[in-house]
Number of protein chains: 2
Amino acid sequence: MATDELMRKALEALRDDGPPSVEAIHRLTDLGGVHEPMMINEVADLLDISPHTLRYYERAGLVEVARDGNGHRLYDAEAVRRLVFLTRMRLAGMPMRDLQHYITLVEAGKHTVPERLDMLIEHRDTICRRIRELALSLTAVEYKIATYGGWTGPDVQDLDTALPREPQRRTQAAGTDKRGAGERADGGPE
Amino acid sequence: MATDELMRKALEALRDDGPPSVEAIHRLTDLGGVHEPMMINEVADLLDISPHTLRYYERAGLVEVARDGNGHRLYDAEAVRRLVFLTRMRLAGMPMRDLQHYITLVEAGKHTVPERLDMLIEHRDTICRRIRELALSLTAVEYKIATYGGWTGPDVQDLDTALPREPQRRTQAAGTDKRGAGERADGGPE
DNA sequence: GTTTGCGTTCGAGCGCGCTCAAAGCCCTAG
DNA sequence: CTAGGGCTTTGAGCGCGCTCGAACGCAAAC
């Protein structure tokens, strides 16, 4: 089944260059400590978004933020935690609209938990679909890279050595590869 | 290492609901046959984009399309093949700008092949990064789903049975799970 | 002949998610 | 005292990738 090869591709995608999202993983888990309120720039640095965007999120009703004596924003632990959640969902491609709806559910109380879970589950499925799409695209691009020399350039072998990945790992994929005759399909002069 | 768990997540993402991108895989390989020129709506159906978008791509200089006696577009095999490539790249998130640059390289001749390969390789890395981001988001969302009941809802067990996936498969993940004490980090009332 | 239907061109509009400019307040350094 | 810098608010602008509307042309059907 071709899906197997997609899995392999996704795995390879994840294996590459060691700790790419280490700080992201920290963000995933390292917010358990006690915070005193943070200023907007601190939060912006923490979340790697701009102060503009933080103010925009607040205007959009996604989070409420207290002010100090000078009217400056003070982000307490609660607000920061929610913003971590929000930025994570944004990164995962959830539209602002959905986040706004989700937040209204949160503020409506416990009885909305089932609907919130529905949203999360649907979002999870969306992420899965997107990963699958990208794995497919990855397959296509890697195939294109590997075969580019066929009509207009050097041999595939030369190209393979130029890439920073091990050439062989297709123990099972080599058998189930169903291209062959259809090889020209992807090998145009682009 | 947490990356292992990300791999597992990506695998799960790909395993779900059987043939989600089967037709996409067909598009990947099934264009080897000889075409006679296609009308815009046929191409639109084939690529699952609108005729509007096809005209837009042409205006953007991404593809040249001949006309019949009535001025209607006739997409020959070459144009269709290029559009398959283009839509695949778009789906993978390559910006129009880059595609335009790439196409100018293609039309500039063979000597641009190295630069084209550079673009493809960079794009491949972009896709990998994006997959990793999404895998991380997926981890976060699934964790959130699994633990949602902790403060505001029913028990985790109940939630697990409500999900359309097998509960246990964490043979290795159960051991390497490094959360535990930091569990509250992600378990806010959202 | 006229209507229906699908295509054409050109340019404008839209939805999204920011991103920024203008005008003003407050605090601190020189 | 004044200048600078950073924050505030509001509303406007932007970049992207389409998406659509208006006005028109041709061709087959009635």
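In what follows, every chain begins at residue 1, and chains take the letters A, B, ... in the order their sequences are listed.
- Taking the side-chain contact (heavy atoms from CB on, under 4.5 Å) definition, one finds that Ala108(A) meets it with His111(A), Thr112(A), sequence neighbours left out.
- Rounded to whole Å, atom P of dG17(D) lies 18 Å from atom CG of Leu47(B).
- For Gln100(A), the side-chain contact (heavy atoms from CB on, under 4.5 Å) partners two or more places apart in sequence, or in a different chain, are Ala60(A), Leu62(A).
- Asp118(A) pairs by the side-chain contact (heavy atoms from CB on, under 4.5 Å) definition with nothing, not counting sequence neighbours.
- Whole-Å rounding puts the Arg67(A) CZ to dT8(D) C1' distance at 8 Å.
- Glu107(B) is linked by a salt bridge (Lys or Arg N to Asp or Glu O under 4.0 Å) to Arg82(B), counting only residues two or more places apart in sequence or in another chain.
- For the pair Arg73(A) and dT8(D), the criterion of a side-chain N or O lying under 4.0 Å from OP1 or OP2 is met.
- For Thr53(B), the side chain to side chain donor-acceptor pair (under 3.5 Å) partners at least two apart in sequence or on another chain are Ser50(B).
- Between Pro95(A) and Met39(B), the residue anchored closer to the 5' end of DNA chain C is Met39(B), taking for each the nucleotide with the nearest heavy atom.
- Residues forming a side-chain contact (heavy atoms from CB on, under 4.5 Å) with Asp76(B) (at least two apart in sequence, or on another chain): Glu78(B), Ala79(B).
- Pairs engaging residues 55-64 of chain A under the salt bridge (Lys or Arg N to Asp or Glu O under 4.0 Å) rule: Glu58(A)-Arg67(A), Glu58(A)-Arg73(A) [sequence neighbours left out].
- Atom C1' of nucleotide dC6(C) and atom CD of Glu42(B) are separated by 13 Å, given to the nearest angstrom.
- Leu74(B) has its CG atom 13 Å from the C1' atom of dT8(C), to the nearest Å.
- Rounding to whole angstrom units, CD1 of residue Ile49(A) and P of dC18(C) are separated by 8 Å.
- The distance between atom CE of Met38(B) and atom P of dG7(C), rounded to the nearest whole Å, is 13 Å.
- If you check residues 50-58 of chain B against DNA chain D, the residues with a heavy atom closer than 4.0 Å are His52(B), Thr53(B), Tyr56(B), Tyr57(B), listed by number.
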Contact pattern, 5' to 3', of nucleotides 24-30 of chain C - B, S or - by protein heavy atom under 4.0 Å:
--SS---
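- Here dG5(C) presents its P atom at 15 Å from CG of Asn41(B), a figure rounded to the nearest Å.
- Side chains of Lys144(B) and Met89(A) form no contact here, defined as non-hydrogen atoms less than 4.5 Å apart.
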For nucleotides 10-12 of chain C, tabulate all protein N/O to nucleotide N/O atom pairs closer than 3.5 Å, reporting atom names and distance.
residue	atom	partner	partner atom	Å
dG11(C)	N7	Arg59(B)	NH1	3.0
dG11(C)	O6	Arg59(B)	NH2	3.0

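- Side-chain N or O atoms of Arg132(A) include none that pairs as donor or acceptor with a backbone N or O of Leu136(A) at under 3.5 Å.
- Summarising the hydrophobic clusters (Ile, Leu, Val, Met, Phe, Trp, Tyr; side-chain heavy atoms under 4.5 Å, direct or chained), the residues clustered with Leu74(A) are Met39(A).
- Spacing between atom CG of Asp45(B) and atom C1' of dG7(C) amounts to 15 Å, rounded to whole angstrom units.
- Evaluation of the side chain to side chain donor-acceptor pair (under 3.5 Å) rule for Thr126(B) yields Arg129(B) as partners, not counting sequence neighbours.
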